[in-house]
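What follows is a short report on a single structure.
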2 protein chains.
Amino acid sequence: MTNFEVFKERLNNAGFKLTTQRRVVFDIINSNEGKHYSPEEIYELVKVDHPEIGLATIYRTLKLFEKIAIVYRLNFNDGCSRFEMNHFEDKSHRHHHLVCLDCGKIFEVKLDLLQDLEGYIEKEYGFEIHNHTLKFYGVCNECKQRRKKCKKETT
Amino acid sequence: MTNFEVFKERLNNAGFKLTTQRRVVFDIINSNEGKHYSPEEIYELVKVDHPEIGLATIYRTLKLFEKIAIVYRLNFNDGCSRFEMNHFEDKSHRHHHLVCLDCGKIFEVKLDLLQDLEGYIEKEYGFEIHNHTLKFYGVCNECKQRRKKCKKETT
DNA sequence: TTTTATTTGATTTTTATTCTCAATTAAAAG
DNA sequence: CTTTTAATTGAGAATAAAAATCAAATAAAA
Ligand SMILES: [Zn+2]
Ligand SMILES: [Zn+2]
Ligand SMILES: [Zn+2]
Ligand SMILES: [Zn+2]
């Protein structure tokens, strides 16, 4: 079952229509693995082939996609929400985010490693975990190298 | 060293003045462990004893506190930032958040348990971790009980 | 006490997101 | 393939959190 088929099915199950607008937004997010687009960015990409589609529709569509679990809404404290595919076909595909405090780049970590913690929480708090988001803030490898180099040059 | 002394020191080191407004906002956040207040909520609490303090000052102060690592900015996707003390005196005090999808309540988990994952990330990605945020979404114990009860009653 | 740069309150401005509503359209029914 | 119907859309207005502005106030250095 392809992502698109899952998408169609979820729309149907929730009683929503498959419109051109929804298909276009889906395609952009689905074909940009690893990107974390804002509504405005998606709007710009949509405009290229579909200048008739309005920004309000982008916002509405993303909200709908979030509701039927087609996308995840991410927050990197940069003044807007960002979105990425929910890779439903592959549970192990969930990932964490590394946010570089220097260059602002976002990296993805495919390994989950939260089983212990989740087990503890479910047992200790009786909290039934459905999902999680984990972000690490720090300095990426590239920026670390650059810092070293600058240090050397000033010595 | 008390939280307040650390607060004064950090203001000083960063070259900022200790004003009444800053002291009042600090006191409210510092004396409300476990709470996650929005700027508006802090504004309401500040008003009780200091109706002369304006909302813009609350926003400015929280931004400053975030910069000098007095507070953390939290995001629970409810339309505003929320803030809590950075418990600097005790590193092990960092905690994760449990967000109940039913009742919206926020719970805190004091256990970190991310050492393995952090070690893996530092080694595998060369990413130097300074901080992290981890949220779990699910159903809290209370809401789980309520669901069970409702199920029984309808049987 | 005087000086000076910082900070503040009040207000306006900005900007992401939502709302409104008439016109359009997907898809169910015939 | 039409007709019907309710959902959806585009354009623009409305909302609301947060930031910017600026003259007046004030902390802290001299
Ligand atoms: Zn991602
Ligand atoms: Zn970097
Ligand atoms: Zn907390
Ligand atoms: Zn609950």
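All heavy atoms count here, side chains included; hydrogens, waters and symmetry mates do not.
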Exercise: do [X] and [Y] side chains pair donor with acceptor under 3.5 Å:
X       : Y       : value
B/Tyr37 : B/Asn32 : yes
A/Arg23 : A/Thr20 : no
A/Arg22 : A/Thr61 : no
A/His50 : A/Gln21 : no

Next item on the list: Look at atom CG of A/Asp116 and say whether more than 12 heavy atoms of other residues, nucleotides or ligands are closer to it than 6.0 Å.
Entry: no
Residues [X], [Y]: salt bridge by 4.0 Å N-O rule:
X        : Y        : value
A/Lys110 : A/Glu33  : yes
B/Glu84  : B/Arg73  : no
A/Lys144 : A/Asp102 : no

Next item on the list: Go through the steps to decide whether A/His132 and B/His96 satisfy the test ring-ring contact (aromatic ring centres under 6.0 Å, His included), and finish with yes or no.
Entry: CA-CA 11 Å; A/His132 62 244; B/His96 312 309; over 10 Å; no
Quick check on contacts: within [range], what sits under 4.0 Å from DNA chain C by heavy-atom distance?
range                     : value
residues 40-48 of chain A : none
residues 67-84 of chain A : A/Gly79, A/Cys80, A/Ser81
residues 53-66 of chain A : A/Ala56, A/Tyr59, A/Arg60, A/Lys63

Notebook entry, point to check: In terms of ring plane angle, is the pair A/His97 and A/His95 parallel, tilted or perpendicular, where the classes change at 30° and 60°?
Noted result: perpendicular
Note to self: Does the plane of the ring in B/Phe26 sit parallel, tilted or perpendicular to the ring in B/Phe7? Use 30° and 60° as the thresholds.
What the structure shows: parallel
Next item on the list: Start with the C-alpha distance between B/Glu41 and B/Lys35, add both sets of side-chain angles, then the distance that settles salt bridge (Lys or Arg N to Asp or Glu O under 4.0 Å), and finish with yes or no.
Entry: CA-CA 11 Å; B/Glu41 285 168 354; B/Lys35 294 286 174 58; over 6 Å; no
Notebook entry, point to check: Does the side-chain contact (heavy atoms from CB on, under 4.5 Å) test come out yes or no for B/Tyr125 and B/Tyr120, once each step is laid out?
Noted result: CA-CA 8 Å; B/Tyr125 292 80; B/Tyr120 169 81; 4.1 Å; yes
Notebook entry, point to check: Going only through I, L, V, M, F, W and Y residues with side-chain contacts under 4.5 Å, is there a path from B/Leu64 to B/Val25?
Noted result: yes
Check: So if you build clusters from Ile, Leu, Val, Met, Phe, Trp, Tyr with side-chain heavy-atom gaps below 4.5 Å, do A/Leu55 and A/Phe83 land together?
Finding: yes
Item checked: Angle by which the axis turns from one end of the helix from C/dT1-D/dA30 to C/dG30-D/dC1 to the other, five pairs per end, to 10 degrees -> 40°
Next item on the list: State, to 0.1 Å, how close B/Arg10 and B/Ile68 come at their nearest heavy-atom pair, and which atoms those are.
Entry: CD-O, 3.2 Å
Notebook entry, point to check: When rounded to the nearest 0.5 angstrom, what distance separates CG in B/Asn86 from CG in B/Asn30?
Noted result: 11.0 Å
Margin query: Students should find this one: the first and last nucleotides of DNA chain D, 5' to 3', lying under 4.0 Å from a heavy atom of chain B. What are they?
Written below: D/dA17 to D/dA28
Next item on the list: Can you sort out which residues in residues 8-22 of chain A have a heavy atom within less than 4.0 Å of DNA chain D? Ascending by number, please.
Entry: A/Phe16, A/Lys17, A/Thr19, A/Gln21, A/Arg22
